[in-house]
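Heads up, the thing below is written out as structure tokens.
Both ligands and their constituent atoms are indexed starting at 1 by order of listing. All residue numbers in this chain count up from 1 along the given sequence.
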Amino acid sequence: MNLHFDSRKPLDCPHALLAVPVFSGAKPGHAWKAVDARLNGIPGQARDAGDLTGKDEQQLLVWRPSGDADSPEGPQRVLLLGAGDPKEWDMEAARGWAGRAVRVAEGLSLGKMALVAESPGKTSLSEIGQALAEGAALAAWEFRELRTPEGYRQPPARLVEEVSIHATVGKGKGERLEEGVRVGSILAEGENLARTLQARPGNVATPTHLAQVASDLADEVGLEVEIWGPRELKREKMHALLAVAQGSVQEPRFIILRHRGGKKKDAPLVLVGKGLTFDNGGISLKPPAGMEDMKYDMSGGAAVLGAMRIAARLKLPTNVVGLIPSSENLVSGAAMKPGDVIGTRAGLTVEVINTDAEGRLILADALSYGRSLTPAAMVDCATLTGACVVALGNETAAVLGTSPALVKELRAAGDRSGERCWELPLWEVYRKQLDSECADLKNVGGRPAGTITAAHFLRAFVGDVDWAHLDIAGVAYGDSPRPYLRKGAYGLPTRLLAEWLLARAG
Ligand code: BES
Ligand code: ZN
Ligand code: ZN
């Protein structure tokens with residue numbers, strides 16, 4: 001996707017469609033006056049008639065009268081698209097608005113379009129620029145690589161490939177907008193990488209595939225990469241990751257990506273993502289209905305890859321390490337069994353009560369490695385528990401951690417990115433649910449408070465590091481998309497992680 005700031009006035013944009021936000025209330029927006037004049041007052045008439053009050057989702061598509069001498073190159077069509085109450089015009093509203101504008105262009109099979117950026121409320125123009133870029137680039141993305149070009153029953157619609165973003169303000173402000181658009185397009189590109197990996201099915205996106213993507217990414221954007229296979233995992237005593245992988249013919253991988261943006265001695269920020277490329281539960285087999293969605297069990301790992309790409313592309317002045325333990329969880333004669341006691345990199349022994357609680361096992365070894373890097377802070381994200389979907393549904397991730405300040409930072413990054421998270425208590429009283437008769441701890445703590453006991457399990461492997469865990473089981477993918485997403489892979493929490501890194505970088 002070619003997404004860029006364009007210093008030309010909106011009505012001089014070079015594309016066949018220009019989308020203009022129309023706000024409710026007395027002032028419809030900065031661009032309104034010029035647009036209304038150019039369209040012979042038609043928008044004003046529609047507004048007076050009550051057709052265009054600026055309410056969200058209201059729209060009016062007007063063809064420009066031909067023979068316009070002022071700007072013969074300008075847009076053929078102007079889309080006046082409701083943007084709602086200007087007081088509520090924040091980054092998430094702007095993302096949704098840009099997403100709706102892209103859908104209109106798609107419906108008209110226009111590959112290119114222009115957007116007008118306005119900031120009538122509290123949100124700055126650079127933030128709006130960032131959000132418009134994110135909304136447009138995320139909305140335009142679709143997973144097509146496994147379809148034939150002609151399609152089966154109908155040819156696929158033309159996707160939007162180019163979006164220019166225009167200001168209605170003077171030069172100094174335009175530069176800030178330009179910077180916002182640059183950041184937003186890098187964030188969206190990282191998130192779209194995560195979505196592509198999520199959408200790839202289990203027979204394509206194997207642990208070796210994720211490792212290959214990580215290596216290619218490292219070459220492309222300038223990251224350091226290390227890939228560990230069974231030999232290195234044995235050497236490092238990552239027995240928990242090996243135990244999960246032993247039921248599959250696919251070899252596990254441990255992916256290490258490094259962005260060296262800070263000083264050599266600066267403690268790194270460590271991101272860890274669950275890269276379980278297919279989870280059928282193992283011997284504690286899952287029921288068949290909806291099992292195909294377990295290709296998404298690598299969403300945390302995908303988000304970490306996306307966030308590492310963003311860190312490199314933004315040249316963040318911090319050291320960041322991304323860790324992805326990657327494996328399949330399947331059934332075979334070699335698979336781990338309920339009742340098995342396994343070792344871990346940290347030395348703790350684990351009684352496997354349920355082989356479907358495998359995410360925490362592979363994360364345990366990754367977190368223990370992350371801890372050995374003496375990080376400034378460590379954040380993991382994982383599609384870890386069905387209990388989280390019950391607790392918080394499909395709109396909100398759970399966050400739990402050892403550092404209240406870090407949890408607060410992640411909540412703020414969630415609010416800013418629209419990838420919101422909410423804290424659950426990691427109180428000591430829940431920990432005893434993991435007590436085992438025959439090992440140091442069990443891998444499940446029963447049905448009550450399943451998300452909390454899963455986080456307690458992880459906590460056993462982080463020591464005294466400032467650490468937080470995001471349970472993204474309910475939010476990483478789904479079928480009730482926001483206006484700027486489609487059914488399927490959402491890429492969450494790539495931008496949450498990126499916003500957190502940006503905030504830490506100052
Ligand atoms: N990958 C699943 C969690 C999951 C569930 C993700 C629904 C997305 C949607 C995880 O490995 C799992 O199976 N967890 C079990 C844990 C239980 C056995 C303690 C669960 O939540 O049922
Ligand atoms: Zn599982
Ligand atoms: Zn899983």
Query - Under 3.5 Å side-chain donor-acceptor pair for Asp90 and Thr123 - result: no
Query - Short side-chain donor-acceptor distance under 3.5 Å, Trp97 and Asp56 - result: no
Student check: side-chain heavy atoms of [X] and [Y] closer than 4.5 Å:
X: Leu367; Y: Met378; answer: yes
X: Met336; Y: Ile283; answer: no
X: His239; Y: Arg345; answer: no

Requested in this report: Ignoring hydrogens and angles, tell me if any N or O in the side chain of Lys274 forms a donor-acceptor pair with the backbone of Thr383 under 3.5 Å.
Outcome: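 Such a contact is found between Lys274 side chain and Thr383 backbone.
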Report task. For the pair Glu419 (side chain) and Leu496 (backbone), establish whether a donor and an acceptor sit closer than 3.5 Å, ignoring hydrogens and angles. Result ->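 Checked: pair present.
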Query - Over-ring placement of Arg235 relative to Trp228, 6.0 Å and 45° cut-offs - result: yes
Query - Shortest non-hydrogen separation from Ile324 to Gly301 and the atoms involved - result: CD1-O, 3.4 Å
Query - Contact residues of ligand 1 (heavy atom under 4.0 Å), by chain and number - result: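 Within 4.0 Å of ligand 1, the protein residues are Lys274, Asp279, Lys286, Met294, Asp297, Asn354, Asp356, Glu358, Arg360, Thr383, Leu384, Thr385, Gly386, Val444, Ala473, Tyr477.
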Report summary line: What lies under 2.8 Å from the Zn ion (ligand 3), restricted to protein N/O/S atoms, is Lys274 NZ, Asp279 OD2, Asp297 OD2, Glu358 OE2
